[in-house]
Novice: 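Here it is, the structure, as structure tokens.
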Amino acid sequence: MVALAAAGIVALPTAATAATAAPAWGTASGPGPLVAGPGPAWSWGYNGLGQLGNGTTANSAVPVRVSGLTGLTQVVGIAAGRYAGYAVRRDGTAWSWGYNAYGQLGNGTTANSAVPVRVSGLTRIVALAGGSVNGYALRGDGSVWSWGYNNYG
């Protein structure tokens, strides 16, 4: 298992073991997403900025499926930042949703999204983490990628 942590914590199978790995679990300090992969992601809690990823901005005290309009499936790991959620699919693509004023969704915009959007340019992702207004990814080749707020380097 590979683990990468910031504000959120996620443990994912490596690319070599993804097909046979035990379920991966993610926890976070923000909304409470949880997934037993691969499958759909679920989230709950505050949703004023769309960070539950279900296409709404309504808070939820019970789990709701993270799907929005994209039908995000085959999720093998998740993480959460302060107001954004992140998921990695079995195919190694990274997805995000929620607050995006600093580009923390990684899709080249600063528009919030209440549905999952693909993090641009990343493939072969094996772990994700979310910071306050940043996203982080670990690729299968060991390289680490980040995006979002960078005023302090």
Side-chain angles (χ1 to χ4, degrees), residues 1-43 49-55 64-153:
M1 296 292 256
V2 176
L4 180 67
I9 301 168
V10 66
L12 300 171
T14 63
T17 62
T20 60
W25 300 94
T27 63
S29 58
L34 180 67
V35 65
W42 298 80
S43 60
L49 300 165
Q51 60 268 44
L52 296 185
N54 67 343
V64 294
R65 188 171 178 174
V66 176
S67 62
L69 303 174
T70 64
L72 186 61
T73 61
Q74 294 294 306
V75 174
V76 294
I78 58 172
R82 185 169 183 187
Y83 295 113
Y86 301 91
V88 62
R89 290 186 50 179
R90 180 176 289 246
D91 65 4
T93 58
W95 296 76
S96 60
W97 57 91
Y99 183 58
N100 195 33
Y102 300 98
Q104 62 267 41
L105 298 187
N107 66 341
T109 76
T110 55
N112 298 346
S113 181
V115 296
V117 294
R118 176 115 183 247
V119 176
S120 301
L122 292 181
T123 59
R124 298 183 8 227
I125 301 305
V126 296
L128 290 169
S132 180
V133 285
N134 307 80
Y136 305 90
L138 174 64
R139 287 187 60 185
D141 63 5
S143 60
V144 176
W145 297 76
S146 62
W147 57 94
Y149 190 72
N150 191 34
N151 268 9
Y152 301 105

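Position 1 is the first residue of the sequence; numbering continues from there.
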Novice: Rounded to the nearest 0.5 Å, what separation is found between the OG1 atom of Thr123 and the CZ atom of Arg139?
Specialist: 4.5 Å
Novice: How far apart are the closest heavy atoms of Ile78 and Ala41, and which atoms are they?
Specialist: CG2-CB, 4.1 Å
Novice: Is there a donor-acceptor pair under 3.5 Å between the side chain of Trp97 and the backbone N or O of Gln51?
Specialist: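 Here the side-chain-to-backbone pair exists.
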Novice: Would you call Tyr86 and Ile125 a side-chain contact if the rule is heavy atoms closer than 4.5 Å?
Specialist: no
Novice: Between Thr110 and Gly103, which heavy-atom pair has the shortest distance, and what is it?
Specialist: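 Smallest interatomic distance, heavy atoms only, reads CG2-N, 4.1 Å.
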Novice: Side-chain contact, heavy-atom cut-off 4.5 Å: Ser146 with Asn134?
Specialist: no
Novice: Kindly determine whether Asp141 and Arg124 satisfy side chain to side chain contact (heavy atoms under 4.5 Å, CB included), including the steps that lead there.
Specialist: CA-CA 8 Å; Asp141 63 5; Arg124 298 183 8 227; 3.3 Å; yes
Novice: Where do Gly130 and Ala79 come nearest, in terms of heavy atoms and distance?
Specialist: N-CB, 4.2 Å
Novice: For residues Leu128 and Ala94, report the shortest heavy-atom separation together with the two atoms involved.
Specialist: CD2-CB, 4.1 Å
Novice: With sequence neighbours excluded, tell me which residues meet side-chain contact (heavy atoms from CB on, under 4.5 Å) with Asn150.
Specialist: none
Novice: Minimum heavy-atom separation for Ala87 and Val75, please, with both atom names.
Specialist: CB-CG1, 4.1 Å
Novice: How about Tyr99 and Val133: do any of their side-chain heavy atoms sit closer than 4.5 Å?
Specialist: yes
Novice: Does Arg118 reach the side chain of Thr93, with side-chain heavy atoms less than 4.5 Å apart?
Specialist: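 Yes, their side chains come closer than 4.5 Å.
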Novice: Which heavy atom of Pro116 sits nearest to which heavy atom of Gly53, and what is that distance?
Specialist: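 Heavy atoms of Pro116 and Gly53 come nearest at CD-O, 3.6 Å.
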Novice: Is any side-chain heavy atom of Val126 less than 4.5 Å from a side-chain heavy atom of Val88?
Specialist: no
Novice: Does one side chain, of Thr109 or Asn100, offer a donor that lies under 3.5 Å from an acceptor on the other?
Specialist: yes
Novice: Quick one: pull up CG in Asn151 and OH in Tyr102 and give me the separation to the nearest 0.5 Å.
Specialist: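 It comes to 8.0 Å.
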Novice: Do the non-hydrogen side-chain atoms of Ser67 and Asn54 ever get within less than 4.5 Å of each other?
Specialist: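 No, side chains not in contact.
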